[in-house]
K.L.:
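This structure is in structure tokens; I'll ask about it shortly.
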Amino acid sequence: MRVGYVVLYVNDAERCRRFWVEQVGMMERKRTEIAGFTVVQVGFVDQAFSFELVPREMMKDNPDGLDLATPSICFHVDDLEATRAALVARGVNATEVGAHHGFRTFAFSDPEGRWFAVTR
């Protein structure tokens, strides 16, 4: 597993994008339109790590009860099913692999109920 990006749930995604790009010096890496919302990934030119800026309004009915005040970490793996199986075998609470906003993914939680996404 490797950290892919950290999700920041934001009130104003465009304002936050401008902050990270224009004031901090990151670049916009990816922009995705999902159900009428714009999700943007930003990061430094010389690093693979990114922040994904997700509008809070888009997540208001999230099924996992995410604490939107806390950032979410998304891990990238080569094999979703094998990674999930290994985590479950070690006693980790994990969802089934499925589609989430067009991406194959699953999530797992830590002992304090924080959820982490895993994607390819």
Side-chain angles (χ1 to χ4, degrees):
M1 269 195 223
R2 51 199 186 277
V3 175
Y5 55 89
V6 172
V7 177
L8 301 178
Y9 300 104
V10 299
N11 293 318
D12 185 335
E14 179 56 24
R15 181 174 169 226
C16 288
R17 185 203 65 79
R18 284 193 314 271
F19 168 78
W20 289 108
V21 171
E22 296 171 10
Q23 294 178 272
V24 177
M26 290 183 168
M27 62 177 270
E28 182 176 320
R29 290 212 170 113
K30 181 176 160 185
R31 178 179 290 261
T32 307
E33 299 295 324
I34 301 171
F37 295 98
T38 301
V39 175
V40 178
Q41 278 191 9
V42 296
F44 292 108
V45 173
D46 60 345
Q47 298 175 31
F49 175 82
S50 296
F51 285 133
E52 183 169 81
L53 309 174
V54 174
R56 283 184 205 273
E57 183 65 21
M58 179 178 152
M59 300 300 293
K60 70 179 180 180
D61 296 321
N62 77 78
D64 297 317
L66 295 173
D67 176 359
L68 300 183
T70 303
S72 293
I73 298 171
C74 183
F75 294 95
H76 286 180
V77 298
D78 294 326
D79 187 327
L80 286 170
E81 286 78 7
T83 301
R84 182 192 177 280
L87 290 170
V88 169
R90 290 185 228 134
V92 175
N93 177 27
T95 66
E96 295 296 323
V97 174
H100 182 71
H101 294 295
F103 298 97
R104 287 187 37 79
T105 186
F106 74 91
F108 66 94
S109 64
D110 72 6
E112 295 191 5
R114 286 180 290 262
W115 286 90
F116 303 89
V118 181
T119 189
R120 279 195 46 200

K.L.:
Could you check if a side-chain atom of M58 sits within less than 4.5 angstrom of a side-chain atom of Y9, using non-hydrogen atoms only?
P.N.:
no

K.L.:
With sequence neighbours left out, write down each residue that passes salt bridge (Lys or Arg N to Asp or Glu O under 4.0 Å) with R2, or none if nothing qualifies.
P.N.:
D78

K.L.:
Could you see if V77 belongs to whatever hydrophobic cluster contains V6? Use Ile, Leu, Val, Met, Phe, Trp, Tyr and a side-chain cutoff under 4.5 Å.
P.N.:
yes

K.L.:
Rounded to the nearest 0.5 Å, what's the gap from CD on Q41 to CE on M27? Could you check?
P.N.:
10.5 Å

K.L.:
Should L53 and M26 be regarded as members of a common hydrophobic cluster, given that ILVMFWY residues are connected when their side-chain heavy atoms come within less than 4.5 Å of each other, either directly or indirectly?
P.N.:
yes

K.L.:
Find the distance between CZ (F75) and OG1 (T119) and round it off to the nearest 0.5 Å.
P.N.:
12.5 Å

K.L.:
For residues 81-88, which side-chain N or O atoms pair as donor and acceptor with protein atoms under 3.5 Å away, sequence neighbours left out?
P.N.:
from, atom 1, to, atom 2, distance (Å)
E81, OE2, R104, NH2, 2.2
T83, OG1, D79, O, 2.8
R84, NE, T95, O, 2.6
R84, NH2, E96, OE2, 3.1

K.L.:
Could you measure the distance from the CZ atom of R90 to the CZ atom of F108? Nearest 0.5 Å is fine.
P.N.:
10.0 Å

K.L.:
Grouping I, L, V, M, F, W and Y whenever their side-chain heavy atoms are under 4.5 Å apart, do F19 and V39 come out in a common cluster?
P.N.:
no

K.L.:
List in chain and number order the residues that pass side-chain hydrogen bond (donor to acceptor under 3.5 Å, both in side chains) with Q23, two or more places apart in sequence or in another chain; answer none if no residue qualifies.
P.N.:
none

K.L.:
If a pair satisfies salt bridge (Lys or Arg N to Asp or Glu O under 4.0 Å) and one of its residues is in residues 39-58, list it, with sequence neighbours excluded.
P.N.:
E57-K60

K.L.:
Listed by chain and number, what are the side-chain hydrogen bond (donor to acceptor under 3.5 Å, both in side chains) partners of N93, not counting sequence neighbours?
P.N.:
S109

K.L.:
Decide whether V7 and M59 are clustered together by the hydrophobic rule: side chain heavy atoms of Ile, Leu, Val, Met, Phe, Trp, Tyr closer than 4.5 Å, transitively.
P.N.:
yes

K.L.:
So do the side chains of W20 and L8 get within less than 4.5 Å of each other, counting heavy atoms only?
P.N.:
yes

K.L.:
Kindly write out the residues that satisfy salt bridge (Lys or Arg N to Asp or Glu O under 4.0 Å) with R18, not counting sequence neighbours, or none if the list is empty.
P.N.:
E14

K.L.:
Give a yes or no on whether V3 and Y5 share a hydrophobic cluster (residues Ile, Leu, Val, Met, Phe, Trp, Tyr; joining criterion: side-chain heavy atoms under 4.5 Å apart).
P.N.:
no

K.L.:
In chain order, what residues pass the ring pair (Phe, Tyr, Trp, His ring centres under 6.0 Å) check against F49, with sequence neighbours excluded?
P.N.:
F51

K.L.:
Can you list the residues that meet the side-chain hydrogen bond (donor to acceptor under 3.5 Å, both in side chains) rule with T38, with sequence neighbours excluded?
P.N.:
E33

K.L.:
Kindly check if the number of other-residue, nucleotide or ligand heavy atoms within 6.0 Å of CZ (R31) is above 12?
P.N.:
yes

K.L.:
Using the test side-chain hydrogen bond (donor to acceptor under 3.5 Å, both in side chains), find all partners of R29 that sit at least two apart in sequence or belong to another chain.
P.N.:
S50

